[in-house]
Structures are given as C-alpha cells and as structure tokens.
Amino acid sequence: MPNAIAKMTVSFSLVSIPVTLFAATGRHTVPLHQVHAADGGRIRQKRVCELDGAEVPYEDVARGYEAPDGRTVVLTHDDLADLPLATTREIKVLGFLEAARADPVAYDKAYYLGPSSPAAARPYALNPGELH
C-alpha cells in the first residue's frame, strides 16, 4: 500500500466524504551518494552553529524567523501548527467532467483518492447521478 500524502474531505451538495490522497506514480531512481573521487569516501554534511561552531544534532535543530530588526525568533512545532493554513483540507466538487474531456497536458502529477475508513467506502462509491 502506498503512503498517504494527506487526509481530506471531498464535499458536494450535502455529502462530505473523508478521503485519503495518494500519489499515483512514484520516482524510481538509483540511490547515489556523494563521494570523494580520489578514494571513494562518503561526503557528509554536518549541521554547525554559526555562533559557537559546535555541531548540532538533528533533534536540536528548530525553525527560526529573522525579524526585520535582525533578531531571530525560534518557532516550535506548536507555533507552526497554530498558523492559519493557506488552503483548506476540503475539496469542493462543483461539477463532473467526462474523462475524455480532460486534457492530460494539464496534469502536473497524478494522484488518486480513496476512502479514509470503511465507513467512508459507501458514500465514496456513490455514482454522481444518484445524488439528485
């Protein structure tokens, strides 16, 4: 089973269906490493504090915003979770289009939706014509 990208709701008319978004395609690449050409040794990137020169473990790395006056404001996960989202987790269906009328050139990346729970399977499988 592929990994879920997001959980959201598809709504049209008075029906709301919880769905899970999946990528329909995936990248298949050969995992390569950066190495020293002379001896094949792995090249590593270290997180180093610019103030004291100490290496910083990943679990001590936070996000920060530089204010106009030069101060750095450290943000927590809770701070970021409280930010208003630019988008909603709801897809509002305004109408349906025959698949043959959709231009594949307009597709940037293919996704598919699936019901997010067994309870969502029945309304997810409804035919749009049955909703009138």
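- Of all heavy-atom pairs between V35 and I43, the closest is C-CG1, 3.6 Å.
- Partners of A37 according to the side chain to side chain contact (heavy atoms under 4.5 Å, CB included) rule, which considers only residues two or more places apart in sequence or in another chain, do not exist here.
- Contacts of R42 classified as side-chain hydrogen bond (donor to acceptor under 3.5 Å, both in side chains), with partners at least two apart in sequence or in another chain: H33.
- Sorted by first then second residue, the side-chain hydrogen bond (donor to acceptor under 3.5 Å, both in side chains) pairs that include residues 61-81, not counting sequence neighbours, are D69-R71, T76-D79.
- We find the CG-OG distance between L21 and S116 to be 12.0 Å, quoted to the nearest 0.5 Å.
- Taking a 4.5 Å side-chain heavy-atom cut-off between Ile, Leu, Val, Met, Phe, Trp and Tyr, the cluster of V61 extends to V56.
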- Item | Check against side-chain contact (heavy atoms from CB on, under 4.5 Å), Q34 and R44 | CA-CA 8 Å; Q34 290 183 333; R44 303 283 183 178; over 6 Å; no
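- Listed by first and then second residue, the side-chain hydrogen bond (donor to acceptor under 3.5 Å, both in side chains) pairs involving residues 47-59 amount to none (not counting sequence neighbours).
- Annotation: side-chain hydrogen bond (donor to acceptor under 3.5 Å, both in side chains) contacts of T9 (sequence neighbours excluded): none.
- Atom CE of M8 is separated from atom OG of S16 by 13.5 Å, given to the nearest 0.5 angstrom.
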